[in-house]
Amino acid sequence: MFEPMGFDAFGIHSENFALKVGTHPMDLIPSNVKNFTRQLRRIGGMFDWEHSVDTTDPAYYKWTQWIFLQFFKAGLAERKEAPVNWCPSCMTVLANEQVVGGECERCATPVEQRRIAQWFFRITDYAQRLLDNLDHIDWSETTLKAQRNWIGRSTGAQLRFPVVDEAGDETGTHIEVYTTRPDTVFGATYVVLSPEHPLVQSVTEEGMLGHVSDYVEAAAQRDLVARQKTDKTKTGVPTGGFCRNPATGEMIPIWIADYVLMEYGTGAIMAVPGHDSRDFEFAEQFALPIVRVVLGPGDSSETPLEEAYVGPGSLINSGPFNGTDVSESVEVVTAWASEKGWGDARVNFRLHDWCISRQRYWGPPIPIVHCDACGPVAVPESDLPVVLPRVEDFRPDESGISPLARVEAWYRTTCPECGAEARRETDVSDTFLDSGWYFIRYPSTDLDSEPFDSGITSRWLPVDAYIGGNEHAVLHLLYSRFITMVLKDLGHIDFEEPYKTFRAHGLIIADGAKMSKSKGNVIVPDPIIEEFGADTFRTYLMFLGPFEEGGDYRPQGIQGPFGFLHRLWDTVISARTGETDADVERKVHQTIRQVTEQIPDLGYNTAIAAMMECLNVIRAGGRTAVRAEVEPLVVMVAPFAPHMAEELWERLGHAGSIFDGANWPEFDIAKLVETTVNVAIQVNGKLRATISIEKNERESEVIAAARAEENVMRHIEGKEERRVIHVPGRLVNFVVG
RNA sequence: GCCGGGGUGGCGGAAUGGUAGACGCGGCGGCCUCAAAAGCCGCUGUUCGCAAGGACGUGCGGGUUCGAGUCCCGCCCCCGGUACCA
């Protein structure tokens with residue numbers, strides 16, 4: 001068993017916090033790490049502190065950079081232009097979360113978008129595999145679902161619409177569209193290009209150029225967040241140009257609209273307003289024709305469309321395909337398009353490539369040197385790490401470039417290939433890259449010469465159990481899986497899924513709301529530990545709600561576990577030797593079974609409740625406990641209250657630690673069995689009495705006893721008895737009337 | 001909008017289709033104590049009733065079943081994620 005703990009402290013949050021408190025992150029992080037470590041030790045966290053990592057330590061990020069280089073050399077890292085949020089007043093790049101209502105969170109200036117060259121990892125190459133493997137890993141169902149949705153595989157077709165001139169003659173240019181409903185192509189009454197689409201200029205009529213470029217420019221002005229808002233009314237402009245619907249042969253107009261995203265599919269769509277709600281909304285607004293090509297149940301080709309119809313039915317107004325059921329129409333029409341040479345079946349993913357560039361200071365420099373002659377060149381592995389220089393003023397400034405680009409002494413270098421003057425990459429990498437591979441480093445933290453030892457790695461990894469927050473359900477876990485797959489393909493490791501089991505824990509909230517400094521409802525552990533002790537605090541955290549859902553931290557509630565541990569202590573200390581009694585013994589064995597079964601299922605709150613119940617039985621009526629009854633409880637409480645359990649274990653006369661060896665109690669099936677059971681007696685499903693009987697009493701006897709109950713008699717008297725239902729050991733139900 | 005997760009006493013929360021409310025907090029009464037704390041015993045869903053006992057009760061409305069918090073259909077509300085993905 002190996003359970004390490006580490007710190008992931010690069011990134012925008014640490015950077016902003018450092019700015020806020022006015023301490024350099026290089027000074028701040030070590031003291032924060034120290035404080036967290038102290039708190040984690042104090043609550044009795046049994047982590048292997050010999051194998052801790054700190055992603056901001058050059059000894060760690062040396063290998064983060066090494067990972068980048070492996071991707072680069074494998075052709076999986078590439079530089080391409082991508083839009084970023086840009087604040088024209090702060091002259092800096094903003095993360096999406098720094099854009100509030102379309103404005104810069106700091107200066108309230110409307111945010112624009114800019115395109116800059118950034119580094120991407122080609123995760124889309126792995127999309128199918130990332131999806132397929134989800135079928136074979138033991139993860140929380142909710143997490144699996146989130147990953148599947150994020151990857152977003154869809155099947156459809158890519159269709160080619162020829163651009164035509166006024167006379168209707170093909171110009172030779174084609175607009176490629178991606179659609180999941182190629183079967184509705186007969187209803188495509190116009191085509192829409194994204195404002196960023198490369199064909200925008202060439203398809204636009206001369207007279208429309210002004211309007212179109214105004215629109216394109218306006219779209220570019222808008223920040224990325226606002227651009228993708230769905231609740232605004234749709235905007236767009238006609239280009240004046242036309243293309244031919246390849247199915248109907250008709251000329252249909254080409255529009256530009258920002259509801260079509262360049263990032264997805266081909267950046268162009270065929271609009272089928274009759275059967276797509278977005279196209280419908282757009283068509284209504286601009287009075288574009290709406291044609292019905294699917295008949296729902298009860299519809300005729302004349303039934304007007306009040307809204308886009310996306311349900312089942314059969315094709316209509318679709319030439320040779322009229323009557324084809326939509327369950328097969330996609331396939332049939334795609335085959336036809338393919339035969340005619342203007343379309344092909346296509347699989348598309350929502351997943352984008354992973355942009356790892358950050359125009360920030362607080363992160364590991366991307367280990368690339370830009371040379372005029374050689375282009376981007378990898379820093380030789382022997383020169384790693386590329387150390388992040390200490391820069392006192394790392395605040396973004398008017399220059400609008402990464403903070404490191406202001407440190408000339410740092411970025412001026414020579415090309416590793418040709419020796420000419422060159423310039424270091426001044427962007428740093430995304431923190432998800434730091435956290436994407438840390439689990440591989442843990443067992444090998446004492447190794448300087450390699451990121452990980454292959455022998456140790458194959459012995460200890462992949463990770464058996466990973467428990468994390470659901471906020472990481474998508475990005476962190478997906479990137480981590482991707483990195484693992486690539487490392488496997490490159491021959492560095494022999495497994496391709498990093499975490500065999502993953503369970504998402506819930507969030508402990510306070511006063512019904514997420515804890516946050518701004519709300520002032522943060523629970524600080526130190527004073528609680530001082531008042532109640534770490535054992536009580538730990539036990540309460542596990543008791544206050546279901547682990548996988550979280551719970552509400554109420555300061556009063558800690559009294560429960562506090563009293564329980566006190567009573568347990570007193571009971572154990574004063575326990576006598578001697579014979580146990582049968583009822584208590586049965587309860588102890590039932591408890592052992594329940595706790596043993598529930599702990600692996602993370603059923604901590606109910607396991608603790610079971611132990612409380614057991615202790616209540618042991619102590620009932622001021623009874624003095626017998627050692628054999630309390631010893632199992634001491635062991636079972638040890639994961640929650642380790643300090644006290646260890647002490648009690650010693651007082652019970654054991655030499656070694658309670659955590660050494662196999663001390664977990666076993667239950668005896670024979671001792672679980674109840675000899676008498678309470679049986680509920682119902683009349684027409686309503687409880688009328690309970691009787692206590694021998695466990696395996698004959699059915700006829702049980703029913704006779706039930707019938708004899710006064711209150712039961714009263715309810716069945718004078719009525720016809722239709723049925724008697726007997727669930728042995730549970731209930732008898734008389735159905736009368 | 002879509003995708004998850006929820007909605008059960010005054011509160012946190014339990015319940016393989018089979019006695020709803022385990023366990024705990026809080027509250028009430030009692031024991032112990034000079035007193036308090038701790039501890040111990042009992043009560044504690046609402047309501048009618050002197051009682052025995054009855055009626056009602058798991059967000060709302062239907063349904064399946066001898067029996068539904070649990071299963072099915074249709075809604076409402078809360079929390080988290082996501083944002084026109086063609």
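Note that the coordinates shown come from a computational prediction; the quantities given were computed from them, not determined experimentally. Here is the naming used below: chain letters follow the sequence lines, and residue numbers restart at 1 for every chain.
- Here B:rC71 sits opposite B:rG63 as a Watson-Crick or G-U wobble pair (both hydrogen-bonding atom distances under 3.5 Å).
- The line from CZ of A:R623 to OG1 of A:T571 is 10.5 Å long, rounded to the nearest 0.5 Å.
- When heavy atoms are screened at a 4.0 angstrom cut-off, A:N348 is found touching no nucleic acid atom at all.
- Residue contacts for A:T180: at a heavy-atom cut-off of 4.0 Å it reaches the sugar-phosphate backbone alone, with no base atom in range.
- The phosphate of B:rC40 (OP1 or OP2) has a side-chain N or O of A:R619 nearer than 4.0 angstrom.
- Among the heavy atoms of the strands lying under 4.0 Å from A:H715 are primed sugar atoms or P, OP1, OP2 only; no base atom is included.
- Contacts of A:N616 with the nucleic acid, taken as non-hydrogen atoms under 4.0 Å apart, involve only primed sugar atoms and P, OP1 or OP2.
- Comment: A:R122 engages A:D125 in a salt bridge, judged by a side-chain N to carboxylate O separation of less than 4.0 angstrom.
- A salt bridge does not link A:K234 with A:D279: none of the charged nitrogens is closer than 4.0 Å to a carboxylate oxygen.
- Residue-level contact check: A:R153 touches neither bases nor backbone, having no heavy atom under 4.0 Å from any strand.
- Among the nucleotides B:rU19, B:rG18, B:rC40, the one closest to any side-chain atom of A:V727 is B:rG18.
- Using a 4.0 Å cut-off between charged nitrogen and carboxylate oxygen, A:K587 and A:E629 do not count as a salt-bridge pair.
- Closest to the A:R554 side chain, of the nucleotides B:rU19, B:rC25, B:rU82, is B:rC25.
- Each of A:I608 and A:G622 was matched to the nucleotide of RNA chain B holding its nearest heavy atom; the match closer to the 5' end belongs to A:I608.
- Look at B:rA55: its Watson-Crick or wobble partner, with both distances under 3.5 angstrom, is B:rU46.
- Nucleic acid contact class of A:N733 (heavy atoms, under 4.0 Å, all strands): base.
- For A:R730, counting side-chain heavy atoms from C-beta on, the closest listed nucleotide (B:rG39, B:rG54, B:rU16) is B:rU16.
- With respect to A:D183 and A:R181, a salt bridge is recorded, a charged nitrogen being found less than 4.0 Å from a carboxylate O.
- When Watson-Crick and G-U wobble pairs are counted only if both distances are under 3.5 Å, B:rC40 pairs with B:rG30.
- A:D138 and A:R503 are joined by a salt bridge, as a carboxylate oxygen and a charged side-chain nitrogen come within less than 4.0 angstrom of each other.
- The partner of B:rA22, taking Watson-Crick or G-U wobble pairs whose two distances both stay under 3.5 Å, does not exist in any strand shown.
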Spell out protein contact along nucleotides 68-74 of chain B as letters: B when the base is contacted, S when just the sugar-phosphate is, - when no protein heavy atom is under 4.0 Å; keep the 5' to 3' order.
-------

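- Put simply, A:R688 has a side-chain N or O that comes within less than 4.0 Å of OP1 or OP2 on B:rG54.
- Counting any heavy atom pair closer than 4.0 Å across all strands shown, A:L544 reaches sugar-phosphate atoms only and no base atom.
- Across all strands shown, A:G152 has no heavy atoms under 4.0 Å from either base or sugar-phosphate atoms.
- By the rule that a glycosidic angle within 90° of 0 means syn, B:rG9 counts as syn.
- Within the shown strands, B:rC3 is the pairing partner of B:rG80 under the Watson-Crick or G-U definition, both distances less than 3.5 Å.
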Could you walk me through whether A:Y126 and A:R481 pass the side-chain contact (heavy atoms from CB on, under 4.5 Å) check?
CA-CA 10 Å; A:Y126 282 72; A:R481 295 178 58 217; over 6 Å; no

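- Of the candidates A:I269, A:T266, A:L261, A:V260, A:V260 is the only one forming a side chain to side chain contact (heavy atoms under 4.5 Å, CB included) with A:S194.
- RNA chain B is contacted by both A:N149 and A:D279; A:N149 maps to the nucleotide lying nearer its 5′ end (nearest heavy atom per residue).
- Contacts of A:Q682 with the nucleic acid, taken as non-hydrogen atoms under 4.0 Å apart, include base atoms.
- Within the 4.0 angstrom heavy-atom criterion, base atoms lie near A:F543.
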